[in-house]
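What follows is a set of notes on a single structure, which appears directly below.
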Amino acid sequence: MVHADDPTAEETAPEAEETPPEPERRHGALVTRGVDGIEVLHPARDELVALVKALGDEGFHQCLDVTGADYLRHPGRSTLPEGVTPERFEVVVHLMSHTARRRLRIKVQVPADDPTCPSIFDLHPGVEAMERETYDMFGIAFEGHPDLTRILMPEDWTGHPLRKDYAIGAIPVQFKGAPAPR
């Protein structure tokens, strides 16, 4: 039996469970830090345009890059915060605020069975070619893009060369003095 005046009563009492801190969010998107120290935001696909608009209101007026990544062979990557479901594809957007002298990165998960992402062309017209290149190389279609056509590969090209399941072909190289292939 523990008495109220016993000085060891607190030591033997079960510890109260601490509530884990709420994860950091910015405009509703989960926030992490990249290995380079840059703030990384993880919105859902349908939140991307609203997030980029809100960040523009904060001074992130320049979009430096839009690209894709295919994690077909790395599904267990650990760079995503708890609560973000990893998908095969990822669209990565880099924004810059000149007044704050800061950059940030946005990573949007894109599933293989629906490789689409909203276009941010209306907010940053300079991404027109970057979204086309991501479409051409990864097959991620940007909904609302004004001219989503191939930019690097011929229009009649089949497939998307930067996908991890794209068949690697071979073109024979002919060296001077070597016999011609038969």
Side-chain angles (χ1 to χ4, degrees), residues 19-100 102-151 159-166:
T19 308
E22 284 292 316
E24 183 182 354
R25 292 184 180 270
R26 186 163 180 182
H27 300 292
L30 289 167
V31 177
T32 59
R33 302 273 174 218
V35 294
D36 52 6
I38 292 179
E39 183 177 13
V40 182
L41 306 179
H42 302 270
R45 281 190 296 179
D46 60 345
E47 298 169 343
L48 175 63
V49 174
L51 175 62
V52 171
K53 183 174 183 345
L55 292 168
D57 294 343
E58 284 184 20
F60 286 90
H61 297 296
Q62 184 177 11
C63 182
L64 301 172
D65 193 21
V66 175
T67 190
D70 182 355
Y71 289 100
L72 178 66
R73 296 201 172 91
H74 300 286
R77 64 193 184 276
S78 61
T79 59
L80 298 175
E82 190 172 320
V84 175
T85 304
E87 297 288 353
R88 175 178 172 178
F89 298 108
E90 191 171 77
V91 169
V92 183
V93 178
H94 289 98
L95 298 176
M96 178 177 227
S97 169
H98 291 277
T99 54
R102 289 186 45 224
R103 296 175 184 227
L104 65 77
R105 185 177 300 127
I106 300 171
K107 292 185 173 186
V108 180
Q109 299 304 303
V110 179
D113 61 350
D114 182 22
T116 60
C117 187
S119 174
I120 59 171
F121 174 81
D122 290 340
L123 301 171
H124 294 280
V127 303
E128 189 267 341
M130 294 180 249
E131 288 183 350
R132 284 179 62 194
E133 182 177 333
T134 303
Y135 163 71
D136 198 2
M137 296 289 106
F138 292 97
I140 300 170
F142 289 87
E143 296 170 332
H145 190 282
D147 181 30
L148 196 61
T149 56
R150 289 195 180 269
I151 191 169
H160 305 281
L162 291 182
R163 283 190 173 191
K164 299 296 183 196
D165 57 358
Y166 185 77

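Position 1 is the first residue of the sequence, and the numbers go up from there. Hydrogens, waters and symmetry mates are skipped; everything else that's a heavy atom, side chains included, is used.
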Note: Arg150 and Arg132 closest approach over all heavy atoms is O-NH2, 2.8 Å

Contact summary for Arg163 and Phe138, nearest pair of heavy atoms: NE-O, 2.6 Å

Taking every heavy atom of Met130 against every heavy atom of Val66, the minimum-distance pair comes out as SD-N, 3.3 Å

Would you check, one step at a time, whether the test side chain to side chain contact (heavy atoms under 4.5 Å, CB included) holds for Leu80 with Glu90? CA-CA 11 Å; Leu80 298 175; Glu90 191 171 77; 3.9 Å; yes

Any heavy-atom pair between the side chains of Val127 and Val93 that's under 4.5 Å? no

How close do Val49 and Ser119 get, heavy atom to heavy atom, and via which atoms? CG2-O, 3.6 Å

Can you tell me how far apart OG1 (Thr67) and CD (Glu133) are? Round to the nearest 0.5 Å. 6.5 Å

Roughly how far apart are His42 NE2 and Thr85 OG1, rounded to 0.5 Å? 12.5 Å

Pairwise side-chain contact, Asp70 with Leu162, heavy-atom cut-off 4.5 Å (strictly under): no

Mind checking whether Phe121 and Pro146 have side chains closer than 4.5 Å, heavy atoms only? yes

Examine distances only and state if a side-chain atom of Asp65 and a backbone atom of His94 form a donor-acceptor pair shorter than 3.5 Å. no

4.5 Å side-chain heavy-atom contact, Glu128 and His145: yes

Between the side chain of His160 and the main-chain N/O of Tyr135, is any donor-acceptor distance below 3.5 Å? yes

Quick one, His27 with Lys53, criterion side chain to side chain contact (heavy atoms under 4.5 Å, CB included). Give me CA distance, side-chain angles, the key distance, then yes/no. CA-CA 10 Å; His27 300 292; Lys53 183 174 183 345; over 6 Å; no

His61 versus His124, closest heavy-atom pair with distance: O-CE1, 3.3 Å

Quick check on salt bridge (Lys or Arg N to Asp or Glu O under 4.0 Å): which of Arg105, Arg25, Lys107, Arg102 does Glu39 satisfy it with? Arg102

Show your reasoning for whether salt bridge (charged side-chain N to carboxylate O under 4.0 Å, His left out) applies to Asp165 and Arg88. CA-CA 11 Å; Asp165 57 358; Arg88 175 178 172 178; 3.0 Å; yes

State the CG-CG distance between Leu64 and Leu95, to the nearest 0.5 angstrom. 7.5 Å

For Glu143, what residues pass the side chain to side chain donor-acceptor pair (under 3.5 Å) criterion, not counting sequence neighbours? none

Looking only at heavy atoms, the pair that brings Pro115 and Ala112 closest together is CD-O, 3.4 Å

For the pair Glu131 and Ile120, evaluate side chain to side chain contact (heavy atoms under 4.5 Å, CB included) and give the outcome as yes or no after the intermediate values. CA-CA 9 Å; Glu131 288 183 350; Ile120 59 171; 3.6 Å; yes

More than 12 foreign heavy atoms under 6.0 Å from CZ of Arg45: is that the case here? yes

The single option from Ile106, Thr32, Val31 passing side-chain contact (heavy atoms from CB on, under 4.5 Å) against Val40: Thr32

Quick one: CG on Leu72 to OH on Tyr166, what's the gap to the nearest 0.5 Å? 15.5 Å

Can you tell if the side chain of Val108 reaches within under 4.5 Å of the side chain of Pro43, non-hydrogen atoms only? yes

Distance (rounded to the nearest 0.5 Å) between Asp46 CG and Leu51 CG: 11.5 Å

